[in-house]
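Because only heavy atoms are used, hydrogens play no part in the values below, and waters and symmetry mates are left out as well, while side chains stay in.
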Amino acid sequence: MRASDRPGRTTPPRPLDVESLFPTLAAHRRTATRLHPRPGTPGPHDSHVGGPLLWPADEPWPVCTTPHRRAPGPEPLPLVALAQLHARDVPDLPAGPDGCDLLQVFWCPFDAHGPTGYGMYTHLRWRRAAEVREPAAERPAPGAVGFDGYLPEPCLLHPEQITEYPYIELLTGELGAAVEEWEDAQEEAAYEAGEEAQEEEEEEAAEDGGEPWLPTYQCDLSVAPGWKVGGHAAWNLTGPGTMDCEACGCPMELLLTVATNEWHVDTRSWIPLEDGPRNPTGVVVGNHGKLNVFACPRDPSHPHGFSVQ
């Protein structure tokens with residue numbers, strides 16, 4: 001069953017029309033596809049998280065050759081199949097090298113990589129789905145894992161295309177100043193409302209019994225939380241950084257976000273109308289954050305970029 005044939009997930013309308021507040025934001029508008037993973041039983045022909053891949057039986061499985069102190073047995077270590085995305089299901093998935101229409105994502109189940117020796121290792125493989133004539137019946141298992149958060153629960157996807165705007169700290173000039181001024185005013189108004197509610201002992205001021213809620217650009221009007229393809233990247237951990245292609249120097253664009261949580265306390269306005277599990281995949285990235293994967297828009301065969309936020 002294609003993703004489009006399954007019951008969908010619907011992001012609620014944004015609480016404010018941000019382009020009516022800041023018309024020049026229209027020039028920065030991008031679409032993104034929220035993947036909405038939900039527990040299921042995916043097959044090799046599905047787009048999914050944590051399911052069997054459409055992998056040729058005669059093609060070697062990708063491995064990690066980095067030594068892993070806690071991994072018994074010989075190296076190399078088979079990578080964990082994290083996700084599989086078909087272009088037919090995900091509107092914002094760009095074409096891969098030579099017109100490939102299937103993206104397969106792997107990672108190593110140990111933090112033992114990079115300059116610090118404690119980083120992640122993620123591997124992407126593009127292919128043409130129609131060329132896989134004899135799919136592999138089984139997928140190799142790593143035998144040991146350094147962290148259970150690297151083992152995804154099988155999930156089917158319910159893709160939904162939405163509109164996003166840049167992370168607030170990437171807005172510059174008059175637009176950036178105007179948005180930050182409005183953001184500060186919203187936060188101050190929410191604080192004052194909370195003070196007033198406390199004085200009046202109004203326990204129903206907010207849905208969760210906390211402070212009254214007012215939408216903000218950062219949490220409600222710009223970048224969606226959760227697993228998604230395309231759109232804008234959030235930089236909540238490190239602050240905005242540059243992500244340029246190491247092969248040609250071109251500014252890279254966000255390809256995929258792998259998220260620990262589908263929503264947070266301050267992003268509840270993004271919870272789909274149908275349901276709202278926080279961590280349906282069981283995946284944990286870093287300190288319960290997200291992994292942003294970037295691709296070169298000039299040449300999709302160039303190396304991908306990665307940032308943990």
Side-chain angles (χ1 to χ4, degrees), residues 18 22 24-25 27-35 66 82-83 92-94 103 105-108 111-124 149-150 162-180 183-184 216-264 266-267 270 283-309:
V18 71
F22 310 104
T24 54
L25 267 176
H28 304 279
R29 183 197 309 139
R30 286 184 187 174
T31 59
T33 300
R34 299 189 73 185
L35 297 179
T66 298
L82 175 62
D92 289 285
L93 185 69
L103 176 64
V105 185
F106 304 81
W107 60 15
C108 177
D111 290 327
H113 311 92
T116 66
Y118 293 95
M120 300 172 63
Y121 172 61
T122 306
H123 175 72
L124 277 65
Y150 280 123
I162 60 166
T163 299
E164 289 190 336
Y165 300 91
Y167 187 71
I168 189 169
E169 294 181 34
L170 289 173
L171 300 175
T172 59
E174 293 182 1
L175 174 60
V179 172
E180 288 193 8
E183 187 93 332
D184 291 342
T216 64
Y217 178 85
Q218 178 84 321
C219 296
D220 306 290
L221 307 177
S222 55
V223 180
W227 287 66
K228 66 173 185 172
V229 168
H232 290 279
W235 298 89
N236 48 292
L237 180 62
T238 64
T242 59
M243 190 62 65
D244 297 330
C245 177
E246 65 178 48
C248 69
C250 175
M252 304 181 86
E253 296 181 354
L254 183 64
L255 173 62
L256 171 68
T257 297
V258 175
T260 301
N261 293 309
E262 288 295 288
W263 56 274
H264 302 272
D266 57 355
T267 58
W270 294 96
V283 165
V284 178
V285 178
N287 188 19
H288 292 79
K290 64 179 72 70
L291 170 67
N292 289 328
V293 181
F294 297 85
C296 177
R298 287 182 183 170
D299 189 337
S301 69
H302 286 173
H304 295 90
F306 305 92
S307 175
V308 176
Q309 296 294 319

Asks: Just to verify, which of K290, E262, R34 counts as forming a side-chain contact (heavy atoms from CB on, under 4.5 Å) with W227?
Replies: E262
Asks: Which pair of heavy atoms, one from S307 and one from M243, lies closest together, and at what distance?
Replies: CB-CE, 3.9 Å
Asks: Which residue pairs satisfy the side chain to side chain donor-acceptor pair (under 3.5 Å) criterion with at least one member in residues 241-252, sequence neighbours excluded?
Replies: none
Asks: Grab the two heavy atoms, one from L170 and one from P240, that are nearest each other, plus how far apart they are.
Replies: CD2-CB, 3.4 Å
Asks: Could you tell me which non-hydrogen atom of G239 sits nearest to which non-hydrogen atom of Q309, and how far apart they are?
Replies: N-OE1, 4.5 Å
Asks: Can you tell me if E253 uses its side chain to pair, donor with acceptor, with the backbone of G230 under 3.5 Å?
Replies: no
Asks: Considering non-hydrogen atoms only, spot the tightest contact between G231 and L254 and give its length.
Replies: O-CB, 3.8 Å
Asks: If you round to the nearest 0.5 Å, how far is CH2 of W270 from NE2 of H264?
Replies: 12.5 Å
Asks: Could you tell me the separation between the CG atom of L291 and the CH2 atom of W107, rounded to the nearest 0.5 Å?
Replies: 7.0 Å
Asks: Locate the shortest heavy-atom distance separating P166 from L25; write the atom from each residue and the value.
Replies: CD-CD2, 4.3 Å
Asks: Side chains of N292 and T257: any donor to acceptor distance under 3.5 Å?
Replies: yes
Asks: What pair of heavy atoms forms the shortest contact from D92 to A32, and how long is it?
Replies: OD2-C, 3.1 Å
Asks: Given the rule in the side-chain contact (heavy atoms from CB on, under 4.5 Å) test, do F106 and T122 qualify, once you have shown the distances and angles that lead to the verdict?
Replies: CA-CA 6 Å; F106 304 81; T122 306; over 6 Å; no
Asks: May I ask you to decide if S301's main-chain N or O and D299's side chain share a donor-acceptor pair within less than 3.5 Å?
Replies: yes
Asks: Looking just at side-chain N and O atoms, do D111 and Y121 make a donor-acceptor pair shorter than 3.5 Å?
Replies: no
Asks: Got a second to check how far S222's OG is from Y217's OH, nearest 0.5 Å?
Replies: 5.0 Å
Asks: So among T31, L35, L103, which one has a side-chain contact (heavy atoms from CB on, under 4.5 Å) with V229?
Replies: L35
Asks: Look at K228 together with E164 and state whether they make a salt bridge at an N to O cut-off of under 4.0 Å.
Replies: yes
Asks: I need the T267 OG1 to Q218 CD distance, nearest 0.5 Å.
Replies: 10.5 Å
Asks: Would the distance check show the side chain of T260 and the main-chain N or O of G289 forming a donor-acceptor pair, the cut-off being under 3.5 Å?
Replies: yes
